[in-house]
Structure formats: structure tokens, C-alpha cells
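Excluded from the calculations below are hydrogen atoms, water molecules and symmetry mates; all remaining heavy atoms, backbone and side chain alike, are included.
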Amino acid sequence: MQPYTTQFVLSKEYLGECFDESKAYNKSARPNFVFPLMMLSLGIFALMWTDQPKSLGLFILALGLIELLHIRYKRAWWLTRQMIGRTGGRQVTLSLDEQGIETRSGNTITNINWTDVSSLVETERGLILVTAKGAQQYLSKSIFSEEVVLDIIRVGNARSHHSDSEASHE
């Protein structure tokens with residue numbers, strides 16, 4: 001792979017694409033309603049059948065409602081957290097080479113070695129690199145030329161097939 005460097009801004013649009021394209025591949029793709037329903041039930045129980053002050057039951061109910069809102073507005077919640085975080089709106093420098101991928105944004109540096117990539121998922125608008133530890137890195141195709149995208153797919157698939165064959169030999 002030829003060394004390649006590009007820069008882009010972690011804008012709301014870019015982060016929205018990251019969320020939309022990778023949500024089906026997240027560990028928690030399906031919403032978990034158990035916790036908020038338990039909180040709502042516990043809050044109602046505390047209000048109706050205990051001698052505790054009503055503020056405790058109301059507080060537990062409020063926590064359950066906040067959790068339900070978090071599930072309902074997951075995308076907006078995530079985007080807001082990313083935009084007010086340290087890297088939101090900042091310029092990112094992304095470098096690719098034979099070793100892997102490095103991203104720099106301010107003081108934050110992230111490295112993913114190709115040997116750590118266990119699988120590569122191609123979506124309509126990007127690529128998701130999944131490491132052996134389960135971490136995911138989304139790369140938008142819009143920041144690369146078609147040739148670089150094909151290079152990433154080739155190297156990522158070669159590395160993931162290589163690690164699969166190593167695991168089957170153990």
C-alpha cells in the first residue's frame with residue numbers, strides 16, 4: 001500500500017454518516033428497554049407502596065424517562081456528545097501506510113495496525129474496520145479516492161483472512 005495522507009473536519013454531517021453507517025454493526029444495535037422499564041416500575045412502586053418520601057420515587061421515575069429518551073433520540077444524543085467533545089468540529093489528519101492507520105486530531109492520536117484488524121465491513125458510504133478487541137473505526141469513502149478505497153479493502157481483507165487462518169491453526 002502506498003502511503004496516503006488526507007485531512008477532513010469532524011463535522012456534524014461526517015459524524016452523522018459515521019453513526020448511520022455503523023449502527024447496524026454495533027454490539028448494541030437493538031435498544032435495551034429492560035433498564036428503563038425496571039426504573040419506571042421501581043419508581044411507581046416507590047411512589048405507591050412504600051413510606052419513603054415521594055421525591056425518591058419521582059427521582060427514579062425521572063431516571064427511567066431519561067433512559068427512554070436516550071433510546072428514542074440515540075442519534076441526536078450521540079452527535080451532541082461528539083460535537084461538544086474535544087474533537088468535535090476539529091480537523092483530523094488521517095494517514096495510511098503498510099503498518100496501519102493513524103488519525104490525529106489535536107492532542108488525540110489513534111493507531112490501528114493492519115495486524116489488529118479482524119474484519120473489514122464495507123457499507124454503502126464507508127468502511128468499518130473491526131479490531132480483534134472489538135473496537136470499530138469508521139472511514140468514510142468520501143475522503144478517499146476510489147483507488148485508495150480499493151487498497152484499504154484489499155489490505156484489510158488480506159489481513160483479516162490472515163488472522164482467521166492463524167486462529168484456525170491454533
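- Of the inter-residue distances, the one linking Ser105 atom OG with Leu94 atom CG reads 11.5 Å to the nearest 0.5 angstrom.
- Closest approach of Pro36 to Glu67, counting heavy atoms only: CB-CB, 3.7 Å.
- Contact detail for Ser118 and Ala132: the closest heavy-atom pair is OG-N, 3.8 Å.
- Remark: Ile71 CD1 to Ile66 CD1 distance equals 12.5 Å, nearest 0.5 Å.
- The environment of Asn107 atom CG is sparse: at most 12 non-hydrogen atoms of other residues, nucleotides or ligands sit within 6.0 angstrom.
- Counted within 6.0 Å of CZ on Arg75, heavy atoms from surrounding residues, nucleotides or ligands total more than 12; the atom is thus considered enclosed.
- Taking the side chain as every heavy atom from C-beta outward, Ile101 and Leu139 approach each other to under 4.5 Å.
- Residues Phe144 and Leu96 form a side-chain contact, since some pair of their non-hydrogen atoms from C-beta on lies under 4.5 Å apart.
- Note that the CG atom of Leu42 and the CD1 atom of Ile60 stand 4.5 Å from one another [nearest 0.5 Å].
- The shortest side-chain heavy-atom distance between Leu40 and Leu68 falls under the 4.5 Å cut-off.
- Phe35 and Leu65 fall into different hydrophobic clusters, where Ile, Leu, Val, Met, Phe, Trp and Tyr residues are linked whenever their side-chain heavy atoms come under 4.5 Å apart, directly or through other members.
- Proximity of Arg90 to Thr108: side-chain heavy atoms (C-beta onward) are nowhere separated by under 4.5 Å.
- Using a 4.5 Å heavy-atom threshold, the side chains of Tyr4 and Asp151 count as separate.
- Gln99 and Asp97 get closest at one heavy-atom pair: N-OD1, 2.8 Å.
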Test log, rule side chain to side chain contact (heavy atoms under 4.5 Å, CB included), inputs Tyr138 and Thr123: CA-CA 10 Å; Tyr138 178 80; Thr123 68; 4.1 Å; yes
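- Within a 6.0 Å radius of CE in Met38, other residues, nucleotides and ligands contribute 12 heavy atoms or fewer.
- The pair Asp116-Lys133 does not count as a salt bridge, with every side-chain nitrogen at least 4.0 angstrom from each carboxylate oxygen.
- Considering only heavy atoms from C-beta on, Leu129 comes within 4.5 Å of Trp114 through its side chain.
- Ile109 is not connected to Leu10 by any chain of hydrophobic side-chain contacts under 4.5 Å among Ile, Leu, Val, Met, Phe, Trp and Tyr, and they are in different clusters.
- The shortest distance between side-chain heavy atoms of Thr50 and Leu56 does not fall below 4.5 Å.
- Applying the 6.0 Å contact sphere to CZ of Phe8 captures more than 12 heavy atoms from other residues, nucleotides or ligands.
- The NZ atom of Lys12 sits 7.0 Å away from atom OG1 of Thr80, with the distance rounded to the nearest 0.5 Å.
- Under the 4.5 Å side-chain heavy-atom criterion for grouping Ile, Leu, Val, Met, Phe, Trp and Tyr, Tyr73 is not connected to Leu15 through any hydrophobic cluster.
- Atom-to-atom distance recorded for Ser11:OG and Gln82:CD is 12.5 Å, nearest 0.5 angstrom.
- Ring-plane geometry between His70 and Trp77 is classed as perpendicular, the angle between the planes exceeding 60 degrees on a 0 to 90 degree scale with a lower cut at 30.
- For the pair Gly64 and Met39, the tightest heavy-atom approach, listed with the atom from each and the gap, is CA-CB, 3.7 Å.
- Nearest heavy atom pair, residue Glu124 against residue Lys141, reads O-NZ, 3.7 Å.
- Within the 4.5 Å cutoff, no side-chain heavy atoms of Glu21 are placed close to those of Ile128.
- A single hydrophobic cluster is not seen to contain both Leu63 and Leu61; linkage of ILVMFWY side chains at heavy-atom distances under 4.5 Å, directly or through other members, places them apart.
- Under the 4.5 Å side-chain heavy-atom criterion for grouping Ile, Leu, Val, Met, Phe, Trp and Tyr, Leu58 is connected to Leu37 within one hydrophobic cluster.
- Here the closest heavy-atom approach between residue Ser95 and residue Thr5 is recorded as OG-OG1, 3.4 Å.
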